[in-house]
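Heavy atoms only: backbone and side chains are in, while hydrogens, waters and symmetry mates are out.
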Amino acid sequence: MKKVLFTMMLAFVAVIGANTAVAQEVQNGAKIEFVKETHDYGNIKYGANGACTFSFTNTGNAPLIISNAKGSCGCTVPEWPKEPIAPGAKGVITVKYDTKRSGVINKMVTITSNAVNEPTKTIRIKGNVAPQPEGTSPVNNGGAPTNN
């Protein structure tokens, strides 16, 4: 009976040890943690500065490499650090929205990295760009070409 209990106890410890090893493997690697995941411009003027920043920290134990960041349209342009972010270090992704497009903003930027917690991460921008002020649109005074 003692041998059976001893064998069962050994098997139990082996299973617990194997699960711990697997859990540690999942935890190893770079991790990305953002301070905020959405930037709300609120109401913004037509033609105003549409730049905002998203700060993040590599909370993992390996260098974080952001391989790509892509806006959901051509009006949303992200810039990201191209060099690896060391464990514990911080970085910033700057997103610039073209505010010469009036109306509601609801865009996203998809970030691709080697982060084990979120290899593909989406951050968002939202707000409302005021209509273009009157009298600011370009005027073509040249008229139609004439044949002289």
Partner residues of Ser67 under the side-chain contact (heavy atoms from CB on, under 4.5 Å) criterion, sequence neighbours left out: Thr112

Test: salt bridge (charged side-chain N to carboxylate O under 4.0 Å, His left out). Region: residues 112-131. Which pairs qualify, not counting sequence neighbours? Glu37-Lys121, Glu118-Lys121

Pairing residues for Tyr97 by the ring-ring contact (aromatic ring centres under 6.0 Å, His included) criterion, not counting sequence neighbours: none

Please list, chain by chain and in numerical order, all residues satisfying side chain to side chain donor-acceptor pair (under 3.5 Å) with Lys100, sequence neighbours excluded. none

Mind checking what makes side-chain contact (heavy atoms from CB on, under 4.5 Å) contact with Pro84, not counting sequence neighbours? Pro63, Ile65

Under 3.5 Å: donor-acceptor pair, side chain of Ser72, backbone of Met108: yes

Taking every non-hydrogen atom, the tightest pair across Pro87 and Gly60: CB-O, 3.3 Å

Apply side-chain contact (heavy atoms from CB on, under 4.5 Å) to Ala62 and list each qualifying residue two or more places apart in sequence or on a separate chain. none

If the condition is side-chain contact (heavy atoms from CB on, under 4.5 Å), which residues does Val35 pass it with, not counting sequence neighbours? Ser55

Can you find a heavy atom in the side chain of Gln132 that is under 4.5 Å from one in the side chain of Ser102? no

Side-chain touch Ile111/Thr122, heavy atoms, less than 4.5 angstrom: no

Side chain to side chain donor-acceptor pair (under 3.5 Å) involving Asp40 - partner list, sequence neighbours excluded: none

Drop me the distance from Ile44's CD1 to Asn49's CG, to the nearest 0.5 angstrom. 7.0 Å

Under a 3.5 Å distance rule, please check whether Tyr41 uses its side chain to pair with a backbone N or O of Val129 as donor and acceptor. no

Interatomic spacing from CD1 in Ile123 to NE2 in His39 - rounded to 0.5 Å: 11.0 Å

Which pairs pass salt bridge (charged side-chain N to carboxylate O under 4.0 Å, His left out) with one or both residues in residues 52-64, sequence neighbours excluded? none

Can you tell me if Thr99 uses its side chain to pair, donor with acceptor, with the backbone of Ala48 under 3.5 Å? yes

Residues, nucleotides or ligands: over 12 heavy atoms within 6.0 Å of Lys90 NZ: no

Does the side chain of Asn28 come within less than 4.5 Å of Val116's, by heavy atoms? no

Tell me which donor-acceptor pairs under 3.5 Å the side chains of residues 75-82 have, and how far apart each pair is, sequence neighbours excluded?
{"residue": "Trp80", "atom": "NE1", "partner": "Ile66", "partner atom": "O", "Å": "3.4"}
{"residue": "Lys82", "atom": "NZ", "partner": "Trp80", "partner atom": "O", "Å": "3.1"}

Ignoring hydrogens and angles, tell me if any N or O in the side chain of Asn58 forms a donor-acceptor pair with the backbone of Ile32 under 3.5 Å. no

Going by side chain to side chain donor-acceptor pair (under 3.5 Å), name the residues that satisfy it together with Asn117, two or more places apart in sequence or in a different chain. Glu33

For the residue pair Phe34 and Phe56, categorise the inter-ring angle as parallel (less than 30°), tilted (30 to 60°) or perpendicular (more than 60°). tilted

